[in-house]
Amino acid sequence: MRYYDTMLAEYLKNPGQRGLGLDALAKRKFQYDMKSYDEVSQKKKLRFDEVDLEVAANYSWEDVYMTWKLYSEQGSMKDWNPSPVKPISGGVSIQKLDILQDMELPLLKILSDMEMRGIRIDRDFLKWLEGRLEQAIWELESEIYELAWEDFNIKSPKQVGELLFGKLGLPRAKKTKTWYSVDSEVLEELAKKYPIAALISKHRHYSKLLSTYVIGLLEVADEDDRIHTSFNQTVTATGRLSSTNPNLQNIPHGDDVAWEIRKAFIPYREEDMLVAFDYSQIEVRLLALMSGDENLLWAFRDMRDIHQVTAEFIFKKNTISSTERKFAKAVNFGVIYGISPFWLSKMLDIPQKDSRHYIDTFYASYPKVREFYDTLLEKARKTGYVETLFWRRRYTPSINDRNKMIASWAEREAINMPIQGSNADIIKLAMLQIQEYLDKNNCKSVMLLQVHDELIFNIVPEEKETLLVEIPRIMENIIPNSSIHLKADAVMGKSWKECK
DNA sequence: TAGGATTGCAA
DNA sequence: TATTGCAATCCTA
């Protein structure tokens, strides 16, 4: 079946823009005001099948005609993205594919199937968790009121601030736009001396889990105990998906009660398993691939722990403590996001002199990473855009802004996009190839979720052995003849919690 | 009731 | 003064 989507086409031309719907595009491109459904249905009083036929027809032709007009105008992606082959490191080239025709449009069908399928939850377990959290929150509440000598709304940052910094006179730390911050960082610091801060912190944590996850998920589960998220394909600036109603891409996995939330996600049938397949350290691997840095490439070729390797460079020794590894990990990630020494020092709670040294040493150890970023920024300043491995494009025109803050913000966007966006390209291609494999082999196992660098499946017992091998194999071989080895791990369990 | 502000959850 | 997201809640306009 052939199909097309004007919204996807427009998104790919410029993923930053809003107003990609048919109405907005008709207005923007053809100065045409489409009739609203409100007009036709007399302010939603009528269902569409109750609308007078002539009125309905008069409303419908616009959708058809405007879609066709846009389709004709948009044409093929090749018109605006002409280069045929992209040279990357190690003499490897990536054959240009048309990301609309060969990636996003086929993915649309897969995402739609995933949404309709839904993921099963254990409603009874969530109900039980709801009661337990309510009880815990209620107890915390009384303790807090006792220490505060008054009742107030603990969920109101304003009232918490007034109590802590006003009535109780606790030391103030950082500011928000309007007053003094009472976020978790501040509360944790205060909690060292003042028990009430620890209690408020815990209350926050439990309230978050209860309202967003327990109640939130129970509210949207259907009569078959399944949750159907919406995967949005035209929201992010980098090419990632996003998930709403509910967002299933930010389910907690903290080390305590938060983990319990994931216990509620279960396979369709008693005998099935949930399996999570995730790309291991894909962003640093992509940095190695795209920069062509030999030291990074060697580290992965030798199957080294990349944070350990960076730590060895930074601290110039072979025995690395867990703190040193943690620091190196923060540096590895920080570089991908274009972090400043200031922020890194704050994050690691070390002097700015040290954090600056760590970042400098990183670039000295992986010299081609700096070259890669220099070239990237130079090109972004000249052309106004950056691109992924598979030619997805993001425009960052403000990189030439006279305001230095605005320009450096755009620089960080430009630095991050090729990595985050290539990651998105790769997992999207993996989803296509995996689905193709499942179809070809008449598999009963199905894809349920995508969480940026991992895929969650409902696996039936008779396919377990094969798919646990085949799916990672497909994921690892998305880039043909690559100088870098992509690594995919599989973890299975009777609930999402066990897939860790 | 709409929307900004704050907060916190994920990769 | 680290990238990309979504949502609950409070509270003002």
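Sequence lines set the chain letters: A, B, ... in the order given, protein chains first and strands last, and positions in each chain run from 1. Quick caveat: nothing in here was measured; it's all calculated off a predicted structure.
- K155(A) has its NZ atom 20 Å from the P atom of dT6(B), to the nearest Å.
- Across all strands, Q159(A) comes closer than 4.0 Å only to sugar-phosphate atoms, never to a base (heavy-atom distances).
- Taking K202(A) as the reference, nothing meets the side-chain hydrogen bond (donor to acceptor under 3.5 Å, both in side chains) condition, with sequence neighbours excluded.
- Here K346(A) lies out of heavy-atom contact (under 4.0 Å) with every strand.
- Using a 4.0 Å heavy-atom cutoff across all strands shown, A237(A) reaches sugar-phosphate atoms only and no base atom.
- Comparing dG8(B), dT1(C), dT6(B) against the side chain of T176(A) picks out dT6(B) as the nearest.
- As a whole-Å value, the separation of E283(A) CD from dA10(B) C1' is 13 Å.
- Of the P atoms belonging to dA5(B) and dT1(C), the separation is 15 Å, rounded to the nearest Å.
- Here dT4(C) presents its P atom at 15 Å from CZ of R392(A), a figure rounded to the nearest Å.
- Among dA11(B), dA5(B), dC6(C), the nucleotide with an atom closest to any side-chain atom of H452(A) is dA11(B).
- As a whole-Å value, the separation of Y337(A) OH from dT4(C) P is 10 Å.
- R412(A) comes within 4.0 angstrom of the backbone, heavy atoms only, and of no base.
- Base engagement by M347(A) is indicated by at least one non-hydrogen atom pair under 4.0 Å involving a base atom.
- Within 4.0 Å of S181(A), counting heavy atoms only, lie sugar-phosphate atoms of the nucleic acid but no base atom.
- Under a cut-off of 6.0 angstrom, the local environment of NZ in K177(A) is sparse, with at most 12 non-hydrogen atoms contributed by other residues, nucleotides or ligands.
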Point to revise | Bracket string, DNA chain C, 5' to 3' - pairs by Watson-Crick or G-U geometry under 3.5 Å, | interstrand | key: ..|||||||||||
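- Here Q249(A) lies in heavy-atom contact (under 4.0 Å) with sugar-phosphate atoms only.
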